[in-house]
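In what follows, chains are A, B, ... by sequence order, proteins preceding strands, each numbered from 1. Note: hydrogens, waters and symmetry copies are ignored here, and every other heavy atom, side chains too, is used.
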There are 2 protein chains.
Amino acid sequence: MRQAHESEMAEDYVELIAELIETRGEARPVEIAERLGVKPPTVTKNISRLKAAGLVRREPYRAIFLTDSGQELAEACRQRHRIVVAFLCSLGIDEETAERDAEGIEHHVSETTLVAFGQALKQSWKHE
Amino acid sequence: MRQAHESEMAEDYVELIAELIETRGEARPVEIAERLGVKPPTVTKNISRLKAAGLVRREPYRAIFLTDSGQELAEACRQRHRIVVAFLCSLGIDEETAERDAEGIEHHVSETTLVAFGQALKQSWKHE
DNA sequence: GACAAAAGTTAGACATGGCTAACTTATCTA
DNA sequence: TAGATAAGTTAGCCATGTCTAACTTTTGTC
Ligand SMILES: [Mn+2]
Ligand SMILES: [Mn+2]
Ligand SMILES: [Mn+2]
Ligand SMILES: [Mn+2]
């Protein structure tokens with residue numbers, strides 16, 4: 001059975017928020033807008049949607065935090081993102097292209113496929 | 001530079017239309033609706049968009065045809081679809097999952113990545 | 001501490017891609 | 001060939017995700 005999963009928007013946002021908190025100390029709308037290539041009002045609206053979905057906690061004009069469920073989703077997304085990128089790179093694809101393609105592909109990779117990517121990745125290590 | 005590409009909707013539609021014409025002799029809205037899991041009015045609306053985009057030719061209540069440019073896009077999409085599916089299968093992923101994941105992944109695979117998939121596929125043949 | 005600049009929000013518009021209900025056209029069948 | 005059924009369309013609604021313009025709040029600087 002297919003469990004209802006978050007939108008690509010939600011996945012990209014929580015992933016990025018987790019990353020910003022880790023590397024910058026906090027997640028701010030300006031940064032998010034720049035990184036995702038959208039305008040600030042778009043970020044405001046989407047963050048409020050994430051809040052409604054229980055993925056994010058925050059009050060107006062302050063930094064953005066992840067709820068436990070947001071954390072969980074973010075970790076899963078980051079893990080998946082890393083695997084997809086590493087897998088593409090293991091095929092000889094340049095980092096830049098791998099990153100760009102992974103940003104879309106990651107949202108369509110089932111658990112089965114993710115595991116297969118992981119396996120193939122392990123194989124590619126042996127052969128080096 | 002990134003060339004403006006058709007929407008995923010457009011790609012899925014022309015791909016399916018080409019397939020239906022090949023296997024059924026003609027492409028009809030009911031079939032398209034069933035195959036894509038949407039309702040007939042959605043198909044009507046989207047077909048008219050494809051027509052506006054110059055990918056499709058047709059008059060009301062009649063079957064749907066591809067323009068030359070629609071044909072071209074359809075062929076590219078079908079080719080890409082086949083490669084992605086074959087590649088996933090070559091990783092040991094079951095056909096069903098491969099098909100489902102490919103339906104989304106195909107729209108995010110750059111030319112570079114597609115070529116890499118093709119290469120890896122050739123390799124996997126040698127090792128059998 | 002005042003005020004300028006930066007960051008963030010609100011309001012309102014738009015495109016895309018879904019849907020249902022109601023209608024029209026085409027096709028089948030007795 | 002009439003009437004029933006199937007197929008297709010239209011109208012109007014909704015959710016998502018984007019934008020610009022204008023406003024508010026926060027931050028930094030003198
Ligand atoms: Mn992504
Ligand atoms: Mn990602
Ligand atoms: Mn597809
Ligand atoms: Mn496809």
Quiz item: Between Glu75(B) and Arg78(B), is there a side-chain N and carboxylate O pair less than 4.0 Å apart?
Solution: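 The answer is yes: the pair qualifies as a salt bridge.
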Quiz prompt | Salt-bridge criterion met for Glu19(B) and Arg24(B) (N-O under 4.0 Å) | solution =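 Salt bridge: no.
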Quiz prompt | Glu8(B), CD atom: more than 12 neighbouring heavy atoms under 6.0 Å | solution =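 Buried by this count: over 12 neighbours within 6.0 Å.
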Quiz prompt | Residue Arg82(A) excluded, over 12 heavy atoms near CZ under 6.0 Å | solution =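 Above 12, so yes.
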Quiz item: To 10°, what angle do the rotation axes through the five end pairs on each side of the helix from dG1(C)-dC30(D) to dA30(C)-dT1(D) form?
Solution: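 For the helix from dG1(C)-dC30(D) to dA30(C)-dT1(D), the axes at either end differ by 10°.
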Quiz item: Using 30° and 60° as the class limits, which term best fits the ring planes of Phe87(B) and Phe117(B): parallel, tilted or perpendicular?
Solution: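 Parallel.
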Exercise. Would you mind building the protein contact string for nucleotides 5-18 of chain D? One character per nucleotide, 5' to 3', B for base within reach (heavy atoms under 4.0 Å), S for sugar-phosphate only, - for untouched.
Key: --SSBB-BB---BB
Quiz item: Over how many whole Å does the gap from Leu36(A) atom CG to dC19(D) atom C1' extend?
Solution: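 Answer to the nearest Å: 15 Å.
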Self-check item: Side-chain donor or acceptor of Arg28(B) paired with backbone N/O of Ile32(B) under 3.5 Å
Solution: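 Pair absent, no side-chain N/O of Arg28(B) close to backbone of Ile32(B).
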Quiz item: Can you tell me if Ser90(A) uses its side chain to pair, donor with acceptor, with the backbone of Ser124(A) under 3.5 Å?
Solution: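 Not at all, since once roles are kept as given, no pair shorter than 3.5 Å links the two residues.
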Quiz prompt | CG on Leu91(B) to CG on Leu121(B), rounded to 0.5 Å | solution =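 The CG atom of Leu91(B) is 10.0 Å from CG of Leu121(B), to the nearest 0.5 Å.
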